[in-house]
Amino acid sequence: MTTAPRWRVVGRGEGGAITVVDLDRNGDRLAVHAFDDDAFRRAVAADAEATRWVWHDTRWWYRMLLDAGIRISRCHDLRLSHAILRTSAWADAPALRAARGWDAGGPLEEAGPQALFDLDGGDVPVLPESLDEVLAEFERQREAVTASPQRARLELLLAAESAGALVAEELHAAGVPWSREVHAGILDATLGPRPLAGGVPARIAELGAVVRAALGDDRASLDSQPKLLRALHRAGVPATSTNRWELAEYDHPVIAPLLEYKKLTRLASANGWAWLEEWAPAGRFRPVYVPGGVVTGRWASSGGGALQLPRQLRPAVRADPGWTLVVADVAQLEPRVLAAMAGDTALAAAARGTDLYAGMVGEGVVTSRQEAKIAMLGAMYGATTGDSGRLVPALRRAYPRAMGLVDEAAAVGEAGGVVTTWLGRSSPAPGSGWQRVQQEASGADASAADETRARRSARDRGRFTRNFVVQGSAAEWALAWLADLRTRLAALPVADAPAPASGPVFAARAHLAFFLHDEIIVHAPQEQAEAVAVAVREAADAATRLLFGGFPLDFPLDLQIRADAAKG
DNA sequence: AAGGGACGCGCG
DNA sequence: AAAGCGCGCGTCCCTT
């Protein structure tokens, strides 16, 4: 009788052949297989459900599999896991920290065959993919986790991070269903007809003329910040910058058309016709997601500005014929995560309905929903002045546990310490520059300027660590939500729907199409919309229980089923 | 000519 | 009406 492997570790063996080592739950070897590329794909396809595949970089291996139409259930991404364990305060892992090569983490090209042609790159870091190095790193990671006092949470974090890596590749492969017609229609209505190559859109040209007239300078340059600032000064607007918020404070006929001009030039340059051609040439927008790309554990993106899509263009996200979108975002994710982490039952009580901010008003902590929002954001970001800073003390009185948690995180950061999220991602230690500034200020010959500088950089770091614990833990909730939802969607029956342009893995199957910190979009066959909506809600509940057990707090969703992703 | 920094602004 | 966290990207401008 054969034992089913717990892990299947993938690497390059003799002569570069793909080699898979099957391990049992104790990490003992069950079998070793050498494959060519085709045989490897067949082996994965035959065992896609059962096994946790262990590999150096999901971007490399899973992209190859998805291209061949193969989806898998689980993996362990050594690159992402290494990054977490290397800095986690809960992992005492000297061997892992000493390992060379695993902290490289460059773009995908550097890990793939592209590197062969990147000769002038010279010392471009390449992740180890040889079987020996992959096995050794996996062993180091298992040791670090097993020895951790927070083993269960770290295991959860590594599993969630790795699932996120799978989701990121699937999102890229499927793409965001994008209506070029709707997008072009918005551009036309806002900017005017598409100009000839290199031309200025009509509405922008008109507004530019109005602005120059108001400045009394028909040759004023509006696109150069220093020149615009000088032109404003000549026209009697004593602005110190040209940002929107400051300009809005001045009462001058140039302000309104100038702000509109800036709005339109922004749309044209960031998401205009050129963007449409480059990023959505065939009805799909395919951003590259970068899991763990932000220090806090949030995802980043590269290419196309996926995480900055203006709300204005959301109507261009449009389901294929016979399909629909399930659009869901979490209401007040970060304050809810904070309440659960701190075990703050008063804040949890305010969150009991669907609107945490309304709950705060109901408890008499603040007088309006807007105040509640400003105060809560100020507490999580470390505001000290303005309306926001003024309201924070009221929150400290009403929610001492939640506020105590972020205040403590700030204090640790100001003192140069490290803070850690709910599941175990730690903030980076302060850099040598930061420490030097603090030391210089504490020396006997420190000037007043030295002390001011040191205090400011300490406060800056305090605000960073204050926010780190909340933003990072919220990212963990979102990862758990994504991972659980991904599994539920895969379990839905294959639908009788027209094949979408989403590639072989996603034809006739509901799939994630977009993710943005606390929001997801699922592209679903119309007949499955309700089932998908249920899965999205159940996944949120599952994530909450997984992270916070029985703590009495919901994470309610704002969920809509509709053909486009506009809010309505 | 290429690259880095500053600025501004889109998103959460 | 905003000053306080985390990002990516386009533009301009200056340096190399």
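Worth knowing before you read on, the calculation uses all heavy atoms, side chains too, and leaves out hydrogens, waters and symmetry mates. Chain letters run A, B, ... following the sequence lines, proteins first, then strands; residues in each count from 1.
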If I take atom [atom1] in residue [X] and atom [atom2] in nucleotide [N], what distance separates them, rounded to the nearest angstrom?
X      : N      : atom1 : atom2 : value
A:Q225 : B:dC9  : CD    : P     : 10 Å
A:R311 : B:dG12 : CZ    : P     : 4 Å
A:Y261 : C:dT11 : OH    : C1'   : 11 Å
A:W275 : B:dC9  : CH2   : P     : 21 Å
A:F468 : B:dG12 : CZ    : P     : 22 Å
A:E260 : B:dC9  : CD    : P     : 13 Å
A:F515 : B:dC11 : CZ    : P     : 17 Å
A:E334 : C:dG4  : CD    : P     : 18 Å

ask   = DNA chain C: A:W245 or A:S269, which has the more 5' nearest nucleotide?
value =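 This one resolves to A:W245.
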key: Nearest-nucleotide comparison on DNA chain C, the residue closer to the 5′ end among A:V295 and A:N243   =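 It is A:N243, whose closest nucleotide lies nearer the 5' terminus.
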Any luck finding a side-chain donor-acceptor pair between [X] and [Y] under 3.5 Å?
X      : Y      : answer
A:D77  : A:Y62  : no
A:Q438 : A:S457 : yes
A:D355 : A:Q332 : yes
A:T420 : A:W90  : no
A:T87  : A:S426 : no

Consider the side chain of [X], meaning its heavy atoms from C-beta on, and name the nucleotide among [options] that approaches it most closely.
X      : options               : answer
A:P226 : B:dG12, B:dC9, C:dC13 : C:dC13
A:T296 : C:dG4, C:dA1, C:dG6   : C:dG6
A:R266 : C:dA1, C:dC7, B:dG10  : B:dG10
A:N467 : C:dG6, B:dC9, C:dC13  : C:dG6
A:S241 : C:dG6, B:dG8, C:dC13  : B:dG8
A:L516 : B:dC11, C:dA2, C:dG4  : B:dC11
A:D223 : B:dC9, C:dC12, C:dC5  : C:dC12

query = Is the distance between the ring centroids of A:H517 and A:W299 under 6.0 Å?
reply = no
Using only side-chain N and O atoms of [X], determine if any of them is under 4.0 Å from OP1 or OP2 of [N].
X      : N      : answer
A:S224 : C:dC13 : yes
A:R459 : C:dG4  : no
A:K262 : B:dC9  : yes
A:S301 : C:dC7  : no
A:S388 : C:dA2  : no
A:T384 : C:dG4  : yes
A:Q471 : C:dG6  : no

key: Donor/acceptor link under 3.5 angstrom from A:Q308 side chain onto base of C:dG8   =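 Between C:dG8 and A:Q308, which were checked side chain against base, a qualifying N/O pair under 3.5 Å is present.
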query = Quick one: does A:R298 reach the base of C:dC7 with a side-chain donor-acceptor pair under 3.5 Å?
reply =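 Answer is no: no donor-acceptor pair is held.
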message = Checking A:F548 against A:W477 for the ring pair (Phe, Tyr, Trp, His ring centres under 6.0 Å) test, could you report, in this order, the C-alpha distance in whole Å, the side-chain angles of both residues, the deciding distance, and whether it holds?
response = CA-CA 9 Å; A:F548 302 120; A:W477 185 95; 8.6 Å; no
Please classify the nucleic acid contact of [X] as base, sugar-phosphate, or nothing, using heavy-atom distances under 4.0 Å.
X      : result
A:L267 : nothing
A:R244 : sugar-phosphate
A:G293 : nothing
A:G303 : sugar-phosphate
A:R463 : sugar-phosphate
A:Q370 : base

With A:V288, the side chain to side chain contact (heavy atoms under 4.5 Å, CB included) member among A:H172, A:R59, A:E169 =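 Of A:H172, A:R59, A:E169, side chain to side chain contact (heavy atoms under 4.5 Å, CB included) with A:V288 is met by A:H172 alone.
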key: Reported CG-to-CG distance for the pair A:L264 and A:L207, which is rounded to 0.5 angstrom   = 5.5 Å
ask   = Got A:V522 and A:L485 here, is their nearest side-chain heavy-atom distance under 4.5 Å?
value = yes
query = Stem ranges for DNA chain C, with three or more consecutive Watson-Crick or G-U pairs under 3.5 Å?
reply =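 The stems are B:1-12 with C:5-16.
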